[in-house]
Amino acid sequence: TTQTVYFPNCIAVWLTISSLICLWDAMFVLNRATTLDSFHNPIWAPYKDYVLVDRLYGKVENDFVWSQSILNLIEIFLNLYALRLLSSQKFKAASVTALVASAMTSSKTILYHVMEISCDGCNTKQNDWATFLTLYVLPNGVWIWVPMYACYVLGNSLCEDNKDDALVKIDESSNDE
């Protein structure tokens, strides 16, 4: 059968942009011992403010942020692999890979927020509501909702493609009778 999996351009763009942002973020976190001291470097300047919004990012000894950055690197690999498959017109494999990467991104971000809720906002409660909403909730929400959208679209596309395969198999078996 021919591949009829739908892979929207907006998801390919998301995979590219999120890979760049995740790489930047992972490099900051994995090098925090040195990057926290180098806020004068323009590449790390936004983190000067963000470590005040989300104190967990400034806690060099915290293993969770380091661990989620390792997962960022795995997500980047999966994103780039999905894009490579897409460029090779292997749409179904690209869709499955992108769906897995997107599920990882969303669930990792949800876990990050659940941990913050479970400690009663221990890393973010110092913020006023406007700061908390604009610099924590909204930007982090992107890392939940956009990947969920990608999972939904890619999952539906894969299911539709599998429905067609099932129909072909049923038709083939009915010809044997």
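On a predicted model such as this, the values are computed, not experimentally measured, just so you know. One is the number of the first residue; the rest follow in order along the sequence.
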Residue pairs meeting side chain to side chain donor-acceptor pair (under 3.5 Å), one or both in residues 93-107, sequence neighbours left out, come to Glu75-Thr105

Check: Is a donor on one side and an acceptor on the other found under 3.5 Å between the side chain of Trp24 and the backbone of Ile43?
Finding: yes

(request) May I have the step-by-step check of side chain to side chain contact (heavy atoms under 4.5 Å, CB included) for Leu56 and Gln68, ending in yes or no? (result) CA-CA 12 Å; Leu56 192 56; Gln68 66 94 21; over 6 Å; no

*Does the side chain of Val153 reach to within under 4.5 Å of the side chain of Ile11, using non-hydrogen atoms?*
yes

Separation between NZ (Lys48) and CG (Asn41), nearest 0.5 Å, reads 12.5 Å

For Pro46 and Pro42 the tightest heavy-atom approach is CD-O, 3.9 Å

Looking only at heavy atoms, the pair that brings Leu23 and Leu73 closest together is CD1-CD2, 4.3 Å

Tell me, with the steps shown, if Asp49 and Val53 meet side chain to side chain contact (heavy atoms under 4.5 Å, CB included).
CA-CA 7 Å; Asp49 294 327; Val53 173; 5.6 Å; no

(Q) Side chains of Thr131 and Asp128 only: does a donor on one sit below 3.5 Å from an acceptor on the other? (A) yes

**Message:** Using only atom types and a distance under 3.5 Å, with no angle test, would you say the side chain of Arg55 pairs donor to acceptor with the backbone of Cys122?
**Reply:** no

task: Indicate if Ile117 and Leu133 have the same hydrophobic cluster label, given that clusters are the connected sets of ILVMFWY residues with side-chain heavy-atom separations under 4.5 angstrom.
output: no

Checking Ile74, Asn72, Leu71 against Cys22 for side-chain contact (heavy atoms from CB on, under 4.5 Å), the one that qualifies is Asn72

Taken to the nearest 0.5 Å, the spacing of Ile70 CD1 from Leu30 CG works out to 5.0 Å

Note: Asn62 and Arg32 closest approach over all heavy atoms is O-NH2, 3.3 Å

Scanning both residues in full, the closest heavy-atom pair of Trp143 with Pro147 reads O-CG, 3.3 Å

| query | Do Asn156 and Tyr6 come close enough that some side-chain heavy atom pair is under 4.5 Å? | reply | no

**Item:** Neighbour count above 12 (heavy atom, 6.0 Å) for Tyr81 OH
**Value:** no

query: More than 12 non-hydrogen atoms from neighbouring residues, nucleotides or ligands closer than 6.0 Å to CG on Asn9, yes or no?
result: no

Are Tyr149 and Ile17 connected in the hydrophobic side-chain network, where two residues link if heavy atoms are under 4.5 Å apart? yes

- [ ] Report, as yes or no, whether the 6.0 Å neighbourhood of atom OH on Tyr152 holds more than 12 heavy atoms from other residues, nucleotides or ligands.
- [x] no

Original post:
Can any side-chain N or O of Asn140 pair as donor or acceptor with the backbone N or O of Tyr136 at less than 3.5 Å?
Top reply: yes

Value for CG (Leu52) from OH (Tyr47), rounded to nearest 0.5 Å, stands at 14.0 Å

**Message:** Between Tyr50 and Asp25, is there a side-chain donor-acceptor contact under 3.5 Å, judged purely by atom types and distance?
**Reply:** no

Shortest non-hydrogen pair, Leu154 vs Phe7, comes out as CD2-CD1, 3.8 Å

CE of Met27 to OG of Ser69, rounded to nearest 0.5 Å, is 8.0 Å

Hydrophobic cluster identity match, Val100 and Met148, side-chain contacts under 4.5 Å:
no

### Query
Any link between Leu85 and Val96 through a network of hydrophobic side chains (Ile, Leu, Val, Met, Phe, Trp, Tyr) touching at under 4.5 Å?
no

inquiry  = Is there a path of hydrophobic side-chain contacts, each under 4.5 Å between heavy atoms, that joins Val13 and Leu86?
reply    = yes

query = Can you find a heavy atom in the side chain of Asn31 that is under 4.5 Å from one in the side chain of Trp44?
reply = no

ask   = Taking Gln126 for the side chain and Asn123 for the main chain, is one N or O donor matched with an acceptor at less than 3.5 Å?
value = yes

Those residues at least two apart in sequence (or on a different chain) that pass disulfide bond (SG atoms under 2.5 Å apart) with Cys10 are none

Val65 side chain near Phe28 side chain, heavy-atom distance below 4.5 Å: no

Shortest non-hydrogen pair, Asp120 vs Lys125, comes out as O-CD, 3.7 Å

